[in-house]
Engineer: 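This is the structure, below, for whatever I ask next.
Just so it is clear, the model here is predicted, and its values are computed rather than measured.
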Amino acid sequence: MRTKKSKINLVSQLAKTQHDLEEIQQQHNNTKEQLEELSSFQKNMTEAKLTTRLQAPRVQAQEKKNSHIPEKYQYIDSLNKKGMPPEEIASLLSISLAEAQQLVALTKIANKRAITSKEKI
């Protein structure tokens, strides 16, 4: 009779141990999945940082390229800002009045774009 109780007790302990082992295995699987998700997320973040770092010089170069005003326009813009009318600019630079007027208008547009792009940053 003792051996029967002992066997029953052992079977009960074995069942409990087996149940505990299954729970531990489930926890292990959950932890493993979380680790894989975290690893994948970390890899994506690293790639995003690298992509951003690689794109930054290109974006900066484009901004410099777009914001650069040709020297001719800079002269005309400078003269216009000092109050010189297009007629005087035309005679000073030996260009036609129509060209001077057009260049004054273009420098105004370029200045507006430069201000707008700086405000966006």
Engineer: Indicate yes or no: at least one non-hydrogen side-chain atom of Lys5 is less than 4.5 angstrom from one of Asn9.
Structural biologist: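 A side-chain contact under 4.5 Å is absent here.
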
Engineer: Go through Leu103 and Ile95 one step at a time and tell me if the side-chain contact (heavy atoms from CB on, under 4.5 Å) criterion holds.
Structural biologist: CA-CA 10 Å; Leu103 291 173; Ile95 57 175; 4.0 Å; yes

Engineer: Cut-off 3.5 Å, no hydrogens considered: what does the side-chain donor-acceptor table look like for residues 12-23, sequence neighbours left out?
Structural biologist:
{"unit_1": "Lys16", "atom_1": "NZ", "unit_2": "Asp20", "atom_2": "OD2", "d": "3.2"}
{"unit_1": "Thr17", "atom_1": "OG1", "unit_2": "Gln13", "atom_2": "O", "d": "2.7"}
{"unit_1": "His19", "atom_1": "ND1", "unit_2": "Glu23", "atom_2": "OE2", "d": "3.2"}

Engineer: Can you name the nearest heavy-atom pair linking Ala100 to Ile89, along with the distance?
Structural biologist: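 So the two residues come closest at CB-CG2, 4.5 Å.
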
Engineer: Taking side-chain hydrogen bond (donor to acceptor under 3.5 Å, both in side chains) as the cut-off, I'd like each qualifying pair that reaches into residues 78-93, sequence neighbours left out, listed once.
Structural biologist: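 The answer is Asp77-Lys81.
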
Engineer: Would you find more than 12 non-hydrogen atoms of other residues, nucleotides or ligands less than 6.0 Å from Gln102 atom CD?
Structural biologist: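 No, CD of Gln102 has 12 or fewer neighbouring heavy atoms, counting only those of other groups under 6.0 Å.
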
Engineer: Taking side-chain hydrogen bond (donor to acceptor under 3.5 Å, both in side chains) as the cut-off, I'd like each qualifying pair that reaches into residues 28-49, sequence neighbours left out, listed once.
Structural biologist: Gln26-Asn30

Engineer: Name the residue from Leu92, Val104, Ile76 that meets the side chain to side chain contact (heavy atoms under 4.5 Å, CB included) definition with Met84.
Structural biologist: Leu92

